[in-house]
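Keep in mind the model is a prediction, meaning the values are calculated, not measured. Basis for what follows: all heavy atoms, side chains included, without hydrogens, waters or symmetry-related copies.
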Amino acid sequence: MRLMTSDYTELSTPGHGYVTGPLRPDMTHDLLERYGFAVVRGPSGAVSAEDAHRGMAAVRAGLGLGKPYVPLLYRDRGAPPVTEVTRKADSDHPTFHTGAAQGWHTDGLLEDIGTIRTTLLYCVRPARVGGRTFLLNAGRVFAELRDRDPEAAEVLLRGTILGRRSTIPGAVREAVGPVFAALGDGHYATRYGEGRVERWYPRDAEEQRCLARALRYFKDRRDGPDVRIDLLLRAGQCLVFRNDVLAHGREHFTDDPRRPRLLLRSLHTDAPECVS
């Protein structure tokens, strides 16, 4: 990967882009290495859920992702390996099956840091208004923090600083771990988030002050156009991103009641490879 030097503003300049065709896994893989994400365009702009499943299977095969992974939180809830991200009136999930915004997070609430390396989001139908997905090059922001305030950054590496707790009724489970972990190649795995599920555990007043500085730095920096990009997927497009190194979120959306927003999601413990 080359995320420590990537700049998302490059993607708005002539000759650059992040959308590739369905038969270009080489180009897709290069974008993933450089920016941590890519959008694969299907052969048609009008797709059914069945088309989307076939399209996702092709992306998985082209990038060597293997079978989808079912997160620990959902294994005893009968969740399928490919899940629907859409409004569901009978769902007990506080945001996943609603039109509400989702703050910064990484997929895999209870998993160890870096377990889920890749996420696929395939758009069957976009919302009438809103629903953009936003991505954050969290590792680059953390590397900047280490240069500017090493003591604050060190707190985010501690193995018991962050708990992530389920907000699903009846599923009271929490996983504690670091916010960042070095991968050994100059990059950092992350489970960064600031929303409803995070619980912070500083050991003392000094660590609390360091944590406050670290979170303030992320809050001030995370909207920078060089480290954040907002994507509005169109029907037939599949977003592929490195969940282990990027944080992501979603803006709120309003549906057309006759054609509600529908995305399919699969999670993978493999990193993308160019295999075809």
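With respect to Glu194, the salt bridge (Lys or Arg N to Asp or Glu O under 4.0 Å) criterion is satisfied by exactly one of Arg222, Arg199, Lys219: Arg222. Between Val124 and the options Asp51, Val47, Leu263, Thr86, a side-chain contact (heavy atoms from CB on, under 4.5 Å) holds for only Val47.
Applying the side chain to side chain donor-acceptor pair (under 3.5 Å) rule to Asp185 yields the partners His187; only residues at least two apart in sequence or on another chain are considered. For Ala181, the side chain to side chain contact (heavy atoms under 4.5 Å, CB included) test picks out Ile113, with sequence neighbours left out. Partners of Ser266 according to the side chain to side chain donor-acceptor pair (under 3.5 Å) rule, which considers only residues two or more places apart in sequence or in another chain, are His268. Remark: Phe241 pairs with His248 by the ring pair (Phe, Tyr, Trp, His ring centres under 6.0 Å) rule, at least two apart or across chains.
Cluster membership check: Leu162 does not share its hydrophobic cluster with Ile116, using side-chain heavy-atom separations under 4.5 Å among Ile, Leu, Val, Met, Phe, Trp and Tyr. Note on Val179 and Leu246: separate hydrophobic clusters, where clusters join Ile, Leu, Val, Met, Phe, Trp and Tyr whose side-chain heavy atoms are under 4.5 Å apart, directly or indirectly. Neither Tyr188 nor Tyr8 shares a network with the other; the hydrophobic side chains, linked directly or stepwise wherever heavy atoms of I, L, V, M, F, W or Y lie under 4.5 Å apart, form separate groups for each. Phe134 and Tyr122 end up in different hydrophobic clusters when Ile, Leu, Val, Met, Phe, Trp and Tyr side chains are linked at under 4.5 Å. Taking hydrophobic clusters as Ile, Leu, Val, Met, Phe, Trp and Tyr residues chained together by side-chain heavy-atom distances below 4.5 Å, Tyr35 shares a cluster with Leu135.
Leu156 places a side-chain heavy atom less than 4.5 Å from the side chain of Leu145. Between Leu31 and Phe37 there is no side-chain heavy-atom pair separated by less than 4.5 Å. Taking the side chain as every heavy atom from C-beta outward, Thr118 and Leu63 never approach each other to under 4.5 Å. In this structure, the side chains of His53 and Val82 come closer than 4.5 Å at one or more pairs of heavy atoms.
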- Item | Audit row: Met1, Leu183, side-chain contact (heavy atoms from CB on, under 4.5 Å) steps and yes/no | CA-CA 11 Å; Met1 290 185 294; Leu183 291 174; 4.3 Å; yes
- Begin from the C-alpha positions of Thr115 and Tyr69 and carry the test side-chain contact (heavy atoms from CB on, under 4.5 Å) through to its verdict. CA-CA 10 Å; Thr115 296; Tyr69 172 87; 4.2 Å; yes
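Nearest heavy-atom pair across Leu3 and Gly36 is CD2-N, 3.4 Å. Of all heavy-atom pairs between Pro260 and Pro257, the closest is CD-O, 3.8 Å. Taking every heavy atom of both residues into account, Leu267 and Pro71 meet most closely at CD1-CG, 3.4 Å.
Note on Arg128 versus Asp256: no salt bridge recorded, every NZ/NE/NH1/NH2 to OD/OE distance being 4.0 Å or above. Look at Asp223 and Arg228 and you find a salt bridge, because one of the NZ, NE, NH1 or NH2 atoms lies within 4.0 Å of a carboxylate O, short of that distance. Remark: Asp230 does not engage Arg132 in a salt bridge, criterion side-chain N to carboxylate O under 4.0 Å. For Glu144 and Arg221, the salt-bridge test passes: some basic side-chain N is under 4.0 Å from an acidic carboxylate O.
Around atom CZ of Arg2, more than 12 heavy atoms belonging to other residues, nucleotides or ligands sit under 6.0 Å away.
Distance check, rounded to the nearest 0.5 Å: CZ of Arg164 to CD of Glu111 gives 8.5 Å.
Apart from Val176 itself, the hydrophobic cluster it occupies contains Tyr201, where clustering links Ile, Leu, Val, Met, Phe, Trp and Tyr at side-chain heavy-atom distances under 4.5 Å.
Pairs passing the ring pair (Phe, Tyr, Trp, His ring centres under 6.0 Å) check and including a residue from residues 208-235, sequence neighbours excluded, read Phe180-Phe218, Tyr192-Phe218.
Defined by atom type and a distance below 3.5 Å, a donor-acceptor pair is missing between the side-chain atoms of Arg140 and Thr5.
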